Amino acid sequence: MKFWTSVSIVVVAVLAALVVPALADLDQRLVDLDLVLQPPSWQHLFGTDALGRDVLLRCVYGMRVSLLVGLAAGVCSSLIGTAAGALAGTWGGRVDQLVCRVIDGTSAVPQLLLGILLVALFRPSVTAVVVAVALTHWMVTARIVRVEVMSLRARPFVDAAISGGASRSWVLARHFLPNVFPHAALATTLMVPHAIWHESALSFLGLGLPPHLASLGTMMDDGRRALFSGAWWVSLAPGLFILIPTLAVSGLAGVLRDRVEHRRRSAELAW
Amino acid sequence: MVKSSLRVRGMSVRFKVPNGSVAAASDVSLDLGEGEVLALVGESGCGKSVVASGLLGLLPGNARVSGAAVLRGPEGEVELLGASQQELSTKVRGRRIGLVPQSAATHLHPVRTIRAQLAETISELGAELDVARAAARAHFPADHLDRYPHQLSGGLAQRAAIALALAGSAWLVLADEPTTGLDRALVHEIVDEFRRIADQGHAVLMVTHDLAAAERVADRVAVMYAGRIVEDSPAKAFYGGPAHPYARGLLNALPEREFRPIPGVPPQLSELPAGCAFQPRCVLATDLCTQLPEPTGEDHIVACHHAHA
Amino acid sequence: MLEARGVVAGYQRSSPVVRGVDLALEPGRALGLLGPSGCGKSTLARVMSLLHSPYQGSVTVDGKLANGFRFRAPRGLRTRIGVAFQQPRLAVDPRLRLIDVIAEPLRATGQSALVERRVPELVERTGLTEDLLRRRPHQVSDGQLQRACLGRMLVLRPAYLICDEVTAMLDASTAAFLVGAIEEYRQDTGAAVLAISHDPVLLGRWCEQVLDFPGLNARADTG
């Protein structure tokens with residue numbers, strides 16, 4: 001139930017983000033100053049913003065950017081995290097200590113602060129946001145992967161592989177990485193909503209995407225100004241568009257986690 | 001007063017798997033009375049642990065159980081295979097059937113002392129018993145009660161597990177491979193404990209692959225092959241000379257005896273051959289063996305067309 | 001000859017479980033090492049199979065000194081020694097089919113070409129079937145899994161076999177089969193076997209000579 005609800009929401013969100021911009025007969029950038037801050041109506045389900053643009057259509061465009069950034073940042077952070085965790089877990093000793101200090105050090109700085117710093121170094125762009133989010137979110141994956149690899153390292157099947165002449169990189173590629181993959185994949189799924197929120201937060205602060213790119217964060221920033229003139233819908237719509245898909249992705253991750261755990265247990269159970 | 005007993009008749013367990021079904025136990029019948037130790041022996045994967053889990057209602061969701069297992073006693077009568085989880089957890093598990101698990105060290109709670117675990121079990125079961133007496137029942141040394149599981153040797157961890165199983169004064173003790181990985185001396189110590197428990201009027205069903213341990217303690221031995229009981233006989237008769245060719249092969253494989261394996265490998269429980277499942281490995285097999293042999297005999301039950309040959 | 005000299009090893013430097021043991025395994029011999037669980041015999045076995053670095057002492061394989069352990073041990077020395085463990089379920093990667101478990105040492109040493117020839121030979125020796133080879137660990141029993149571990153131990157044709165409680169989890173018939181298969185390999189190739197167990201009856205039946213591990217340790221303590 002939870003699984004299918006989550007899946008259908010995610011599918012609808014992705015489809016909407018892909019298909020609607022191609023089919024819509026309204027231009028999201030269409031500025032119509034006659035229609036400034038219209039409340040929700042049948043023509044404009046979520047009303048219009050301060051420049052008379054359709055809020056719903058802009059939200060769909062915004063979600064497109066947010067999903068793209070979230071997915072890219074989630075994958076990038078998992079790749080960095082998996083590499084760092086596997087490196088630390090496989091080599092141990094000094095390498096492990098070094099990686100752990102980097103993890104601790106990075107985690108000690110508030111993520112948003114570090115994100116702001118990173119974005120400030122580049123010009124506002126999708127790449128800058130992805131890099132900023134990835135570089136501030138890889139530590140959780142790194143920790144998970146490191147611990148998993150360390151527990152695998154003590155297993156007799158690794159001993160058997162070493163005795164069979166396997167090199168360190170062989171064991172890493174053939175045993176460690178495939179066995180931590182479900183955990184890393186899970187961490188990635190959990191990271192996507194994080195990344196979306198983080199992107200929204202950066203954009204809300206005006207540090208994320210350039211203003212012409214509608215992202216859910218920049219839209220909420222616009223909405224904040226409109227709030228003073230009583231136009232609640234300009235903020236509500238992007239809020240819902242952030243909340244619902246990210247909850248769905250989290251739900252999906254929860255189901256996946258249960259499956260990973262279950263598979264692990266049933267692999268140990270034999271009759 | 002009603003005498004306690006366990007009577008299992010025609011118990012079958014099927015696991016539904018993506019491409020077919022696994023016949024983990026078929027038509028299993030067993031009897032256990034007061035003071036008896038029954039050893040259920042067989043190789044790993046023959047389905048003997050499934051029988052034990054089935055009696056406690058602890059099988060995974062894809063299992064289908066049929067047949068009957070009636071537990072009688074002063075507390076009343078209960079049919080285990082049809083009982084609801086509610087009934088099993090409030091009336092049966094821990095209270096009438098205690099489980100001694102395989103590898104007790106991993107079964108115990110790692111960050112709580114033995115005393116805390118015993119006390120919790122006793123209060124949860126509402127048993128009128130203090131921790132010291134509960135420990136004494138399994139001869140668990142009182143001065144080790146405040147230790148954590150990792151501070152115990154394998155033998156003492158197993159004793160702690162037995163004390164937990166007995167805390168609710170369960171009449172039937174179900175022991176699933178209780179001696180795996182223990183040294184011979186410890187194995188003797190643990191099975192002797194089962195003997196003492198049985199001598200107090202309890203019954204013990206010991207699932208094991210260790211024939212030497214079973215010989216030391218069991219009153220009866222039931223041999224399981226590919227999900228079926230092929231021989232069920234008094235222990236003396238069994239160790240004197242088993243009637244089923246598989247049981248004979250198993251005994252002869254012991255290092256104390258001929259140390260000779262049975263040729264071939266056991267069949268997959270998902271694709272059992274027609275007729276006698278042991279027939280492809282059996283030297284005595286004839287055309288007759290393509291038909292399933294019925295278990296016959298009163299006290300010494302054998303399911304083989306060529307028993308005693 | 002596989003020889004351990006003055007090996008001090010364990011998991012805590014302050015209280016090693018192996019305390020200065022000398023042990024030599026001569027080609028063609030079956031040597032038993034007897035001792036209760038937790039006495040350190042498995043640790044010695046891991047040191048001799050170059051899988052555990054000792055605090056002191058040395059291991060030589062055919063006269064060549066092992067100048068490192070685990071990944072740092074020269075591959076040529078590591079693969080001279082085959083190992084098998086007590087719990088087959090922990091000794092195989094749960095993702096691999098049995099055939100890949102057996103073939104792994106060949107592939108890991110760049111001899112994939114030999115898989116086609118060597119693996120079928122071992123199918124007979126281990127008593128597995130073609131069908132079982134294509135299964136994954138959770139689809140087979142402990143006994144069948146241990147047979148696959150036997151295949152993996154033998155696939156590189158090692159000169160020394162170190163078997164740590166390989167039959168402890170298994171029924172009598174599978175245990176007898178495994179010991180028989182190891183002995184057959186020893187007879188065929190003149191390999192040496194170090195069998196470790198807590199069961200004196202088993203070792204007495206299996207080995208030409210049985211050493212008491214606590215005795216070895218005690219002798220090292222006083223000497």
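Small disclaimer: the values here were computed from a predicted structure and weren't measured. What's counted below: heavy atoms across the whole structure, side chains too, no hydrogens, waters or symmetry copies.
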For this session: Pick one of side chain, backbone, both or neither for B:L211, based on which atoms fall under 4.5 Å of a heavy atom in chain C.
Result: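 Just the side chain, heavy atoms under 4.5 Å.
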Exercise. Is it the side chain or the backbone of B:R184 that comes within 4.5 Å of chain C heavy atoms, both, or neither?
Worked result: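 Contact with chain C: backbone and side chain both.
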For this session: Please check if any side-chain donor atom of B:E231 sits under 3.5 Å from a side-chain acceptor atom of B:H300, or the reverse.
Result: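 Checked: B:E231/B:H300 side chains pair up, N/O donor to acceptor below 3.5 Å.
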Exercise. Judged by modelled atom types alone, do B:Y225 and B:R281 share a side-chain donor-acceptor pair under 3.5 Å?
Worked result: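 Their side chains do contain a donor-acceptor pair, which is all the 3.5 Å distance test asks for.
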Exercise. Counting N and O atoms only, with roles assigned by atom type, does the side chain of C:R205 sit under 3.5 Å from a partner on the main chain of B:E258, one being a donor and the other an acceptor?
Worked result: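 Confirmed, C:R205 side chain pairs with B:E258 backbone.
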Exercise. Taking C-beta and beyond as the side chain, do C:V92 and C:C149 meet within less than 4.5 Å on heavy atoms?
Worked result: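 With C-beta onward as the side chain, the pair touches.
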Problem set entry | Close side-chain approach of B:I114 to B:Q151, heavy-atom, < 4.5 Å |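 No, their side chains stay 4.5 Å or more apart.
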Where does [X] contact chain B at under 4.5 Å (heavy atoms): side chain, backbone, both or neither?
X      : answer
C:T129 : side chain
C:Q87  : neither
C:L178 : neither
C:E165 : neither

Problem set entry | Interatomic distance, C:L2 atom CG to C:I81 atom CD1 [nearest 0.5 angstrom] |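 With rounding to 0.5 Å, CG (C:L2) is 5.0 Å from CD1 (C:I81).
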Exercise. What residue in C:P36, C:G143, C:G204 has the most heavy-atom pairs under 4.5 Å with chain B?
Worked result: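 Most heavy-atom pairs within the cutoff with chain B belong to C:P36.
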Problem set entry | Heavy-atom pairs under 4.5 Å with chain C, option from B:D210, B:L182, B:T180, B:L251 with the top count |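 Of the options given, most contacts go to B:L182.
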